[in-house]
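This report concerns only the one structure given below.
Values below: every heavy atom of this structure, side chains too, minus hydrogens, waters and symmetry copies. Sequence lines set the chain letters: A, B, ... in the order given, protein chains first and strands last, and positions in each chain run from 1.
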Protein chains: 2
Amino acid sequence: MTEDTATPPDRDLGELFARITQQLIAAERPILERHGLQMWPYVVLASLERRPASTQLQLATQIGYDKTRLIAILDDLGAAGLIERRPDPTDRRARIVSLTDAGRARLRAVRADIRVMEAGYLEGLSEAQARGLRRVLARLAGPR
Amino acid sequence: MTEDTATPPDRDLGELFARITQQLIAAERPILERHGLQMWPYVVLASLERRPASTQLQLATQIGYDKTRLIAILDDLGAAGLIERRPDPTDRRARIVSLTDAGRARLRAVRADIRVMEAGYLEGLSEAQARGLRRVLARLAGPR
DNA sequence: TATTGTTATACTCTATAACTATA
DNA sequence: TATAGTTATAGAGTATAACAATA
């Protein structure tokens with residue numbers, strides 16, 4: 001017998017993950033708003049930190065977003081001085097997107113607040129549980 | 001020192017959960033499709049299993065969905081013979097929704113396939129890790 | 001001929017308001 | 001007057017197609 005008969009019928013993994021995701025997004029929204037950002041613009045900044053100097057198409061596929069919708073976001077971020085777009089010297093069709101110093105600073109500030117929120121969200125867990133959770137999540141989510 | 005200096009900079013919890021949720025939804029979609037269901041209709045059936053004989057409004061709030069959009073879903077599920085709506089004897093404005101035998105059977109069949117998919121998804125984890133993950137997820141997601 | 005960034009268009013999904021019948 | 005279910009309408013979000021410049 002490898003089954004534990006004492007456990008209640010499991011909930012769908014999808015339901016559990018979806019609910020938690022929803023909670024986290026709801027918790028992040030006011031933080032982002034306080035820093036003058038929305039979800040996808042923040043995702044763009046975070047992606048550019050990991051891979052500086054991406055082309056717009058690379059950026060779009062990296063964050064799983066549409067290249068046409070990305071444009072308005074980049075326009076806004078550019079107008080706010082958080083990113084800049086330069087023509088790619090090796091391919092004059094492409095534009096290379098990169099963080100400005102202001103963009104990096106903004107990202108750091110937002111992330112600090114999000115870290116505080118996350119710590120509160122995981123408050124009920126032990127240190128070992130929280131570490132184990134992060135390890136498992138990173139593994140399931142895949143590289144990057 | 002309570003910090004582990006060897007760990008890389010953490011990714012946002014929201015990003016990790018969102019990616020995994022996305023993967024699970026993508027994995028569930030073809031399963032549901034094979035059984036002639038979509039995401040929200042399936043959620044409705046699952047919710048009705050937990051709380052039979054809900055009123056439409058209770059159902060909507062339970063699954064976090066809009067009561068107006070729920071109607072079309074209930075129409076479809078009713079036409080497919082998976083649920084039935086009867087007037088509430090104590091309040092003739094309300095309609096009580098419940099699973100039919102066919103609905104229960106469909107739900108069981110879909111869930112069995114989803115359980116197989118989930119087992120495969122967690123394949124890389126040890127038994128203890130998988131159990132620990134479910135426990136933590138259930139705790140974070142909250143009751144129900 | 002194919003690709004990058006862009007714009008324009010159509011479509012879907014979601015939110016809001018309004019209606020009916022009951023309470 | 002308020003509420004459950006319903007319908008209709010408006011808005012946001014998303015997907016698709018087409019275009020100019022370059023490869």
Problem set entry | Nucleotide nearest A/Gln56 when distance is taken to its side chain, options D/dT3, D/dA23, C/dT6 | C/dT6

For this session: Can you establish whether the number of heavy atoms outside B/Arg29 located under 6.0 Å from its atom CZ is more than 12?
Result: no

Seminar exercise, completed: Ranking C/dA15, D/dA15, C/dA23 by distance to the side chain of A/Arg69, first place goes to D/dA15

Exercise. How close or far is atom P of D/dG13 from atom CD1 of A/Ile71, stated in whole angstroms?
Worked result: 17 Å

Problem set entry | Backbone of A/Gln58 reached by a side-chain donor or acceptor of A/Thr55 within 3.5 Å | no

For this session: Could you tell me the separation between the NZ atom of B/Lys67 and the P atom of C/dC13, rounded to a whole number of Å?
Result: 21 Å

Exercise. Hey, does A/Leu57 reach any base, or is it just sugar-phosphate, or nothing, if we go heavy atoms under 4.0 Å?
Worked result: sugar-phosphate

Problem set entry | Distance, rounded to the nearest Å, where B/Ile73 contributes CD1 and D/dT6 contributes C1' | 15 Å

Exercise. Are OP1 or OP2 of C/dA21 and a side-chain N or O of B/Arg95 less than 4.0 angstrom apart?
Worked result: no

Problem set entry | Earlier contact from the 5' end, DNA chain D, for A/Trp40 and A/Thr90 | A/Trp40

Exercise. In whole Å, what is the span from the CE atom of B/Met39 to the P atom of C/dC13?
Worked result: 13 Å

For this session: Check the surroundings of atom CZ in B/Arg69: do more than 12 heavy atoms from other residues, nucleotides or ligands lie under 6.0 Å from it?
Result: yes

Exercise. In terms of the nearest nucleotide of DNA chain D, which residue is placed more toward the 5' end: A/Asp91 or A/Tyr65?
Worked result: A/Tyr65

Exercise. Between B/Arg92 (CZ) and D/dA2 (P), how many Å, whole number?
Worked result: 22 Å

Exercise. Reckon A/Thr55 has a side-chain N or O less than 4.0 Å from the OP1 or OP2 of C/dG5?
Worked result: yes

Exercise. Is the closest basic N to carboxylate O distance between A/Arg19 and A/Asp12 below 4.0 Å?
Worked result: no

For this session: Could you please name the option among C/dT16, D/dT6, D/dA15 that lies closest to any side-chain atom of B/Asp66?
Result: C/dT16

Problem set entry | A/Arg86 CZ - C/dG5 P separation (whole Å) | 14 Å

Exercise. In a check of side chain to side chain contact (heavy atoms under 4.5 Å, CB included) between B/Gln56 and each of B/Leu74, B/Thr61, B/Ile96, which one passes?
Worked result: B/Leu74

Seminar exercise, completed: Separation of D/dT6 atom C1' from B/Leu74 atom CG, nearest Å, is 12 Å

Exercise. Does A/Arg93 get its side chain close enough to the base of C/dT3, under 3.5 Å, for a donor-acceptor pair?
Worked result: yes

Exercise. For A/Asp76 and C/dT6, what is the distance between atoms CG and P respectively, to the nearest whole Å?
Worked result: 13 Å

